[in-house]
Amino acid sequence: METISENRCYGGTQGVFKHSSKACSCDMTFAVFLPEEAAHGPVPVLWFLSGLTCTHENAMVKAGAQAWAAEQGIALVYPDTSPRGDDVPNDEAYDLGQGAGFYIDATQSPWDQHFKMWTYVTDELPALLAENFPLDMSRQSITGHSMGGHGALTMAMALPGRFKSVSAFAPICHPTVSDWGRKQFAAYWGDEPNWGPHDATLLMQGSGFDGPILVDTGTDDQFGDLLGTEHFAQAMAAKRQEGQIRLQKGYDHSYFFIATFMEDHVAFHAEALYA
């Protein structure tokens, strides 16, 4: 693992790191914020999964989470959204290929060699973090935005017991019936019968989540028709799932929206992580 940068931040340290990923068969970059408390022992972890076109850097710089995480004594982990490099396949469209890993493991050529983001985020990167950082991996929560909200919700429900809580900003909630989902699943997995259980609405209709959920979506989200928020809300209600879905008046899909409600989300996760 190579340290790219480390900066003092809210009494702690914001670092950016690179390593060779076996899962993705390329170098991967990620960021970790460690609060001041990490100097004295392991601290709980909050994952932030970013959306389409983003790298680790977007949320690290724009979401404003470090201030609230420092206040709560929580580490932040920002993975990249896809494999990258000259040898990694790509597509001219912004919603497929590099920057659009969709947090799944591809099985179809040319994507199957590198696009293993599910394995990377749920297996390889946690092991690397546990080995190299003072993190309490028995206390993890997860959040994300848009495509990353899809990843956060599906990982929380598909990995029972892993995460104490899950939240999302404008998540893609029902990708199997959305243009943001069907296109990528078809490219990465082929025919529809091969699609895995990576749909938050379907997972909620099944086992649900064994903890609290918080979802925020703006009423002026320019991609609202692609998100399927109402489908997920109906599934939560039918399941009697513990949680909240909040429609925030006048907010869109941007990082201004995320930064506005980040304090709420960090406090929500802190309550679960320190319960």
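Everything quoted here is computed from the prediction, not taken from an experiment.
Between Ser146 and His253, the side chains place a donor N or O and an acceptor N or O closer than 3.5 Å (distance only, hydrogens not considered).
Counting all heavy atoms, side chain and backbone alike, Thr201 lies closest to His231 at CG2-O, 3.8 Å. The minimum heavy-atom distance between Met117 and Cys24, with the atom names listed, is SD-SG, 4.0 Å. In terms of heavy-atom proximity, Pro175 sits nearest to Ala200 at CD-N, 4.5 Å. For Ala168 against Thr143, the heavy-atom pair with the smallest separation is N-OG1, 3.9 Å. The heavy-atom pair separating Gly99 from Met147 by the smallest distance is O-CE, 3.9 Å.
Considering CD of Gln108 and CH2 of Trp189, their distance stands at 11.0 Å, rounded to 0.5 Å. A distance of 3.5 Å separates OG1 in Thr119 from CG in Asp105, rounded to the nearest 0.5 Å.
Tested against His145, the residues Phe169, Phe48, Tyr255 include a single ring pair (Phe, Tyr, Trp, His ring centres under 6.0 Å) partner, Tyr255. Among Ser167, Ser141, Ser165, the single residue meeting the side chain to side chain contact (heavy atoms under 4.5 Å, CB included) criterion with Pro212 is Ser165.
Residues Met137 and Leu125 fall within the same hydrophobic cluster, defined by Ile, Leu, Val, Met, Phe, Trp and Tyr side chains chained together at heavy-atom separations under 4.5 Å. Two different hydrophobic clusters hold Phe33 and Phe17 under the rule that ILVMFWY side chains link at heavy-atom gaps under 4.5 Å.
Aromatic ring pairs are classed by plane angle as parallel below 30°, tilted from 30° to 60° and perpendicular above 60°; the pair Phe257 and Tyr251 is tilted. By the 30° and 60° cut-offs, the orientation of the rings of Phe185 relative to Trp195 is perpendicular. By the 30° and 60° cut-offs, the orientation of the rings of Phe30 relative to Phe133 is perpendicular. Note on ring orientation: taking the six-membered ring where Trp is involved, the planes of Tyr94 and Trp180 are perpendicular (angle over 60°, cut-offs 30° and 60°). The aromatic rings of Phe115 and Trp111 sit perpendicular to each other, their planes meeting at more than 60°, with 30° as the lower class boundary.
The existence of a salt bridge linking Lys116 and Glu124 is excluded, since no basic side-chain nitrogen approaches an acidic carboxylate oxygen closer than 4.0 Å. Using a 4.0 Å cut-off between charged nitrogen and carboxylate oxygen, Asp216 and Arg246 count as a salt-bridge pair. Under a 4.0 Å N-O distance rule, the pair Arg84/Asp80 qualifies as a salt bridge.
With a 4.5 Å cut-off on side-chain heavy atoms, Gln248 and Thr219 do not count as touching.
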Check your understanding: Going through the distances and angles, do His174 and Phe232 end up as a ring pair (Phe, Tyr, Trp, His ring centres under 6.0 Å)?
Key -> CA-CA 7 Å; His174 205 177; Phe232 191 65; 9.5 Å; no

